[in-house]
K.L.:
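Pasting a structure here, questions to come.
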Amino acid sequence: MESHTEWWRTGVVYQVYVRSFADSNGDGQGDINGLRSRLGHLEALGVDAIWLNPWYKSPLADGGYDVADYREIEPVYGTLSDAEALIAECHDRGIRVIADLVPNHTSSQHVWFQEAITSPPGAPSRDRYVIRPGRGDGSEPPNNWIAMFGGPAWTRLDDGEWYLHLFDPSQPDLNWDNEEVRAEFDDVIRFWMDRGIDGLRIDVAHGMVKHPELPDVDPLPLPWSLQGTPEPVDHPFWGRAGIHDINRRWRAILDSYDDRMMVAEAWVHPQQLPLYLRADEYHQSFNFDLIETPWDAAEFRSVIAEACEAAAAIGASSTWVLSNHDVVRHPTRYGLPAGTDTRGWLLDGPHDALDADAGHRRARAAALITLSLPGSTYVYQGEELGLPEVWDLPLDVLDDPTWEKSQHTVKGRDGCRVPIPWTADGPSHGFSHEASWLPQPEWFGALSVDAQRDDPDSMLSLYRQAIAARNHLLADDQALAMLDFGPGVLAYERADITVVVNMGARAVPMPPGEVVLSSATEMLGDELPPDTSVWLA
Ligand code: NOJ
């Protein structure tokens, strides 16, 4: 591939949830060859890179974030040679490939864990995980930590000791104080770099290092993140200082290859994040702020301004994310009344509070925001089709461990993982020639790639046009200046383009300039309607 140093700083990265993208063999689950057959869609969209959710051998208890073998492809997804063919074909089309690396935990099916639990306490093979005697007479877990999917973060082994799992019991945490664990991941990284992978997305990049004494934790408001506290806190398992040594070790490996990058999924306090982005650590980190920002001009403005300032201060590039495989899709979020707890709403409703049209309009307007900002923009598969959350999946098909572990109080993340509709009709709308692993609603056909491809007013056309215009008009100048067009209006200038978004309830006068791109489907006159973005030259 043509070398273009620091390609990640401005790229559009398309997130592929492999299991739900395209199925080539009729088992109802997406696979690598399915993805290969649909690369034309990604090339036409104009993306610079794809990030693949984990594709390694896995029992798929947490969608593949439970890895049984880091050097093998999950057979449901294909083979190592399919993966190599995919990498080569992506490169031929000018698309880079980012793989997902899961270092905090393995699957309980990983040979190391099987060895650990069949060895006696004190055996070296047990030291690769965090295994401890219980408290009191041994029947109480070693501390009060709660797993992210609910329930205690410890499970008792048959021999009476307990193992730590910050996520599902099938995802035992590795012991990163063990040199063998560190060496193994160095080797895994080299394995994939040698196969031409261009970058790594590091899962739970703030979680590997635990406090040596494993003390109790004061419950935080949000167990997922350290972002909600006014000041950074000293936490026994999130964001510990020892992580930076690991980051540096990996960065040194990547730097021994050309043009490779790593991006952190690090839910840390904003004051700690720059530490992850030092010159010898990560190239970039996801900024999830927009996922948590309501449809409000003042809030968008402050999130964007702060992220741009923070990135500029340390010479990093910003990243923009509206949706991913862990959150309620944004057309649905934007269609709900302000203040709705979207995760809770999935199960509890009220479902008639959803204004799907408003959500769709706002998602169109939001695309022209994230695709016009400096830095790189991550697009989650289906976002370019305007797919909303499928909030009404039948309960008996739910697969996310959250549903069971929360004792059926939190529905989980399946509604954003429903397979992509490629065709208006046919079994699973062209995703597979059989039924898909999660059922698609009937109305998915109207949002299919086929239905949208030649419609100039479709979401797909909007994404294509915006990505093309971004590359053409906005690539060279990464500076952004906020403009004040009054309350309810978000406005900024980039290169020779002015971006104006009416996020208020009433139309505002159209600012001067030639409309290069608009999120509206009708011709605009001298007013900019609510929930509408324009790029003006
Ligand atoms: C973050 C991933 O995005 C999520 O899907 C997964 O469940 C957890 N990490 C655990 O690996």
Side-chain angles (χ1 to χ4, degrees), residues 58-59 61-62 65-69 102-185 203-204 206-226 233-243 246 400-410 412:
S58 165
D62 179 24
Y65 284 95
D66 46 323
V67 179
D69 188 331
V102 190
N104 181 68
H105 42 264
T106 67
S107 160
S108 52
Q109 297 305 310
H110 192 286
V111 59
W112 273 6
F113 191 69
Q114 290 304 316
E115 236 175 276
I117 64 174
T118 49
S119 306
S125 60
R126 275 167 97 95
D127 189 54
R128 296 171 182 142
Y129 292 88
V130 185
I131 302 182
R132 295 284 187 282
R135 285 212 262 225
D137 64 357
S139 65
E140 296 291 315
N143 65 26
N144 73 348
W145 299 359
I146 298 293
M148 298 307 116
F149 299 140
W154 297 89
T155 292
R156 200 165 190 192
L157 294 167
D158 289 345
D159 58 39
E161 291 207 326
W162 298 73
Y163 70 92
L164 176 69
H165 51 86
L166 291 181
F167 293 87
D168 192 66
S170 65
Q171 293 166 296
D173 278 51
L174 285 163
N175 171 18
W176 275 86
D177 291 331
N178 179 307
E179 184 50 40
E180 204 188 341
V181 169
R182 293 184 182 224
E184 167 69 357
F185 275 84
D203 187 58
V204 201
H206 58 311
M208 280 93 69
V209 177
K210 276 79 184 180
H211 189 298
E213 281 146 34
L214 305 175
D216 278 355
V217 61
D218 287 337
L220 283 174
L222 275 180
W224 274 102
S225 101
L226 292 179
V233 291
D234 180 21
H235 194 275
F237 56 85
W238 289 148
R240 298 199 61 78
I243 294 221
I246 304 173
D400 181 350
T402 309
W403 176 237
E404 289 302 329
K405 293 292 156 353
S406 70
Q407 288 162 348
H408 300 182
T409 57
V410 185

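Treat the numbers as computed from the prediction; the structure is a model and nothing was measured.
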K.L.:
For the CZ atom of Arg156 and the OG atom of Ser139, what is their distance to the nearest 0.5 Å?
P.N.:
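Taking CZ in Arg156 and OG in Ser139, the distance rounds to 6.0 Å.
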
K.L.:
Donor-acceptor check, side chain of Trp145 to backbone of Pro215, threshold 3.5 angstrom: yes or no?
P.N.:
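Yes; judged by distance alone, with no hydrogens or angles, the pair exists.
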
K.L.:
Is the backbone of Asn144 close enough, under 3.5 Å, to the side chain of Trp154 for a donor and an acceptor to pair up by distance?
P.N.:
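Such a contact is absent between Trp154 side chain and Asn144 backbone.
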
K.L.:
With rounding to the nearest 0.5 Å, note down the distance linking OH in Tyr163 to CG in Leu157.
P.N.:
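Taking OH in Tyr163 and CG in Leu157, the distance rounds to 7.0 Å.
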
K.L.:
Quick one: salt bridge (charged side-chain N to carboxylate O under 4.0 Å, His left out) partners of Arg132, sequence neighbours excluded?
P.N.:
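Checked Arg132 against salt bridge (charged side-chain N to carboxylate O under 4.0 Å, His left out); zero matches.
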
K.L.:
Does the side chain of Tyr65 pick up a donor-acceptor pair with the side chain of Ser107 at under 3.5 Å?
P.N.:
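Short answer, no.
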
K.L.:
In chain order, what residues pass the salt bridge (charged side-chain N to carboxylate O under 4.0 Å, His left out) check against Asp69, with sequence neighbours excluded?
P.N.:
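For Asp69, no residue satisfies salt bridge (charged side-chain N to carboxylate O under 4.0 Å, His left out) once neighbours in sequence are set aside.
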
K.L.:
For Ser108, what residues pass the side chain to side chain donor-acceptor pair (under 3.5 Å) criterion, not counting sequence neighbours?
P.N.:
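If we apply the side chain to side chain donor-acceptor pair (under 3.5 Å) test to Ser108, skipping adjacent residues, there are no hits.
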
K.L.:
For the residue pair Tyr129 and Asn175, establish whether any side-chain heavy-atom pair is separated by less than 4.5 Å.
P.N.:
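Result no, sub-4.5 Å side-chain heavy-atom pair not found.
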
K.L.:
Check ring pair (Phe, Tyr, Trp, His ring centres under 6.0 Å) between Trp112 and all other residues, then give those that pass, not counting sequence neighbours.
P.N.:
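Counting only residues at least two positions away or on another chain, Trp112 forms a ring pair (Phe, Tyr, Trp, His ring centres under 6.0 Å) with His110.
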
K.L.:
What residues, two or more places apart in sequence or in another chain, satisfy side chain to side chain donor-acceptor pair (under 3.5 Å) together with Asp173?
P.N.:
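Side chain to side chain donor-acceptor pair (under 3.5 Å) list for Asp173, sorted by chain: Asn104, Lys210.
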
K.L.:
How would you list, by chain and number, every residue that makes a side chain to side chain donor-acceptor pair (under 3.5 Å) with His408, sequence neighbours excluded?
P.N.:
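Expected list: Glu404.
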
K.L.:
Got a sec, which residues hit side-chain contact (heavy atoms from CB on, under 4.5 Å) with Ser125, two or more places apart in sequence or on another chain?
P.N.:
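Checked Ser125 against side-chain contact (heavy atoms from CB on, under 4.5 Å); matches are Glu115, Ser119, Ala123, Arg128.
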
K.L.:
Does any part of the side chain of Leu214, heavy atoms only, come nearer than 4.5 Å to the side chain of Pro142, both counted from C-beta?
P.N.:
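Answer no - side chains too far apart.
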
K.L.:
For Glu140, enumerate each residue passing the salt bridge (charged side-chain N to carboxylate O under 4.0 Å, His left out) test, keeping only those at least two apart in sequence or located in another chain.
P.N.:
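Not a single residue meets the salt bridge (charged side-chain N to carboxylate O under 4.0 Å, His left out) criterion with Glu140.
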
K.L.:
Can you confirm whether or not the ring centre of Phe167 sits under 6.0 Å from the ring centre of Phe149?
P.N.:
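Yes, they do, as the ring centres are separated by less than 6.0 Å.
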
K.L.:
Is the shortest distance from a Lys or Arg side-chain nitrogen in Arg126 or Asp159 to a carboxylate oxygen in the other one below 4.0 Å?
P.N.:
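Yes.
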
K.L.:
Decide if the gap between the ring center of His211 and the ring center of Phe237 is smaller than 6.0 angstrom.
P.N.:
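No.
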
K.L.:
Identify, with sequence neighbours excluded, every residue that meets side-chain contact (heavy atoms from CB on, under 4.5 Å) alongside Thr118.
P.N.:
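Partners of Thr118 by the side-chain contact (heavy atoms from CB on, under 4.5 Å) criterion come out as none, since no residue qualifies.
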
K.L.:
Between Asp66 and Ser170, do the side chains contain an N or O donor and an N or O acceptor separated by less than 3.5 Å?
P.N.:
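No pair is found: no donor N or O on one side chain lies under 3.5 Å from an acceptor on the other.
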
K.L.:
Among all residues two or more places apart in sequence or in another chain, which pass the side chain to side chain donor-acceptor pair (under 3.5 Å) test with Asp216?
P.N.:
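If we apply the side chain to side chain donor-acceptor pair (under 3.5 Å) test to Asp216, skipping adjacent residues, the hits are Arg135.
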
K.L.:
Who passes side-chain contact (heavy atoms from CB on, under 4.5 Å) against Glu179, sequence neighbours left out?
P.N.:
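Partners of Glu179 by the side-chain contact (heavy atoms from CB on, under 4.5 Å) criterion, ordered by chain and then number, come out as Arg182, Ala183, Arg249.
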
K.L.:
Who are the salt bridge (charged side-chain N to carboxylate O under 4.0 Å, His left out) partners of Asp127, not counting sequence neighbours?
P.N.:
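Partners of Asp127 under the salt bridge (charged side-chain N to carboxylate O under 4.0 Å, His left out) test: none.
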
K.L.:
Measuring only between side-chain heavy atoms, which start at C-beta, is Gln171 closer than 4.5 Å to Pro401?
P.N.:
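Result no, sub-4.5 Å side-chain heavy-atom pair not found.
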
K.L.:
Heavy-atom distance under 4.5 Å between the side chains of Ser58 and Val67, does that happen here?
P.N.:
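Contact flag for Ser58/Val67 side chains = no.
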
